[in-house]
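Chain naming here is simple, since letters A, B, ... match the order of the sequence lines and numbering starts at 1 in each.
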There are 2 protein chains.
Amino acid sequence: MNREKFAYSSCPLVKAMTALGSKWKPIIVCVIRDKKVRFGQLAAIMDVISRKVLTDQLRELEADGILIREEFKELPPRVEYSLTQKGLDLLPIFSLLEEWETKYDPQSEVIHSVVHSLHEPVLTEKD
Amino acid sequence: MNREKFAYSSCPLVKAMTALGSKWKPIIVCVIRDKKVRFGQLAAIMDVISRKVLTDQLRELEADGILIREEFKELPPRVEYSLTQKGLDLLPIFSLLEEWETKYDPQSEVIHSVVHSLHEPVLTEKD
DNA sequence: CGGCATCCTACCCGATACTG
DNA sequence: CAGTATCGGGTAGGATGCCG
């Protein structure tokens, strides 16, 4: 496979989608947003993800320089995640993607409510 | 799983990433761009993809209303793919994603050269 | 030419249990 | 609290071959 018509692995779009194209990563980024968020908060809000997967995704996002993991050597332990500038730069792009999807599929519900649920103390009962 | 903290499947960002987050779809969209492109051309340019996968991705993109498949009942058969407006609307977003990646990883090479290779008759020998 | 059918592999994702 | 370790299923992606 010598003369690839394009260098797949060096295409920025491919790289970006590789870093972000997983099932949960965009959501994680959007949920963290401009806050410092503890692992437990993420796990509580995104309780559809297993903790292992959440950990995995967070680690990969950290490796890709999209977020920062701060570990406090306390008891009980505390870990806070926050976006890097690189991660923050994604938010407007994700917004566009949301708009794009919503434009062509008005059934979608926005994720912002989720983020609110994070930053508000409330939430739990649904009906 | 009653009270999901957010409706995963109705989050527009999730939907968008589901429709686009695969390994090749963004590339396909960017390669087709504003042209009508035949299957063979796509397969030739993106010869790192197996034809089966290429077909699969094209079908899914068609199902998601991102591109259109036109089949000409000729001999030899001819099939042309082109983006819908929904697909075209993605291009600027992908551009932003490219810029984002390139900004934080200048090693990336742009895909535009690829597209050129499609729309120019030339190309083949690399060295 | 532009597929589809078949088979196979890798890995993403998840459940569960255990640890500092 | 915030993980790791282990096991395993489902599916995206790929190689190959046949067909209208």
Side-chain angles (χ1 to χ4, degrees), chain A residues 1 4-5 8-9 11 13-14 17-28 31-32 36-64 67-82 118, chain B residues 1 4-5 8-9 11 14-29 31-32 35-64 66-82 118:
Chain A
M1 188 157 302
E4 303 176 345
K5 293 312 188 313
Y8 173 74
S9 54
C11 166
L13 190 55
V14 173
M17 292 306 289
T18 301
L20 302 167
S22 89
K23 190 174 179 181
W24 296 108
K25 284 176 185 171
I27 311 298
I28 294 174
V31 166
I32 296 182
K36 285 178 186 283
V37 183
R38 299 184 56 171
F39 180 84
Q41 292 179 285
L42 290 173
I45 294 173
M46 311 177 64
D47 61 355
V48 282
I49 321 181
S50 72
R51 298 169 85 81
K52 170 188 168 299
V53 174
L54 180 56
T55 303
D56 292 346
Q57 307 285 299
L58 286 168
R59 284 308 201 294
E60 290 181 21
L61 287 170
E62 186 190 10
D64 286 326
L67 56 76
I68 291 176
R69 178 177 180 276
E70 285 178 287
E71 186 173 359
F72 299 87
K73 299 291 188 180
E74 312 168 341
L75 280 183
R78 177 164 56 107
V79 176
E80 288 183 348
Y81 293 91
S82 55
L118 168 64
Chain B
M1 189 156 300
E4 304 175 346
K5 294 311 188 312
Y8 174 74
S9 54
C11 167
V14 173
K15 285 187 176 180
M17 292 306 289
T18 300
L20 303 168
S22 89
K23 192 173 179 182
W24 296 108
K25 284 177 186 170
I27 310 299
I28 294 174
V29 169
V31 165
I32 296 181
K35 299 270 190 174
K36 285 177 185 284
V37 183
R38 300 183 56 170
F39 180 85
Q41 292 179 283
L42 290 174
I45 295 172
M46 310 177 64
D47 61 356
V48 283
I49 320 181
S50 71
R51 297 169 88 81
K52 170 191 168 294
V53 174
L54 180 56
T55 302
D56 292 347
Q57 308 284 297
L58 286 169
R59 281 313 197 304
E60 290 180 20
L61 287 170
E62 186 190 11
D64 286 326
I66 292 169
L67 56 76
I68 291 175
R69 178 177 181 278
E70 285 179 288
E71 185 172 359
F72 299 87
K73 301 289 188 183
E74 312 169 344
L75 278 184
R78 178 164 55 108
V79 175
E80 289 181 348
Y81 292 92
S82 56
L118 169 64

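Separation of atoms CD1 (A/I49) and CG (A/L42) is listed at 8.5 Å; rounding is to 0.5 Å. Note that CD of B/Q41 and OH of B/Y81 are 12.5 Å apart. Values are rounded to the nearest 0.5 Å. Of the inter-residue distances, the one linking B/Q57 atom CD with B/E62 atom CD reads 13.5 Å to the nearest 0.5 angstrom.
Put simply, CD on A/E80 is 16 Å from C1' on D/dG3, counting in whole angstrom units. Spacing between atom CE of A/M46 and atom C1' of C/dC13 amounts to 13 Å, rounded to whole angstrom units. Atom CD in B/Q41 sits roughly 16 Å away from atom C1' in C/dG3 (whole-Å rounding). Rounded to whole Å, the distance from NZ on A/K25 to C1' on C/dC12 is 10 Å. One atom, CG of A/L42, and another, P of D/dC1, lie 14 Å apart when rounded to the nearest Å. Across the protein-nucleic acid pair, B/K52 atom NZ and C/dA5 atom P stand 11 Å apart, rounded to whole Å. Rounded to an integer number of Å, the gap from B/K23 NZ to D/dT11 P is 19 Å. The OH-C1' distance, from A/Y81 to D/dG3, rounds to 8 Å in whole Å.
Within the 4.0 Å cut-off from OP1 or OP2 of C/dG2, not a single side-chain nitrogen or oxygen of B/R51 is found. Side-chain nitrogen and oxygen atoms of A/W24 include at least one within less than 4.0 Å of the OP1 or OP2 phosphate oxygen of C/dG14.
With sequence neighbours left out, the salt bridge (Lys or Arg N to Asp or Glu O under 4.0 Å) criterion links B/K23 to no other residue. Scored by the side chain to side chain donor-acceptor pair (under 3.5 Å) test, B/E80 finds B/R78 as partners (sequence neighbours excluded). When the side-chain contact (heavy atoms from CB on, under 4.5 Å) test is applied to A/E60, the partners found at least two apart in sequence or on another chain are A/K25. Qualifying salt bridge (Lys or Arg N to Asp or Glu O under 4.0 Å) partners for A/E71, counting only residues two or more places apart in sequence or in other chains: A/R69, A/K73.
With distances taken from any side-chain atom of A/R38 to the nucleotides C/dG3, C/dG14, D/dC1, the minimum falls on D/dC1.
Taking 4.5 Å as the limit, some side-chain heavy atom of B/I66 sits within range of a side-chain heavy atom of B/L20.
Listed by residue number, B/R69, B/P76, B/P77, B/R78 are the residues of residues 68-78 of chain B with a heavy-atom contact under 4.0 Å to DNA chain C. Contacts of residues 53-60 of chain A with DNA chain D (heavy atom under 4.0 Å): A/T55, A/R59.
The only option from B/I27, B/V29, B/I28 that meets the side-chain contact (heavy atoms from CB on, under 4.5 Å) definition with B/V31 turns out to be B/I27.
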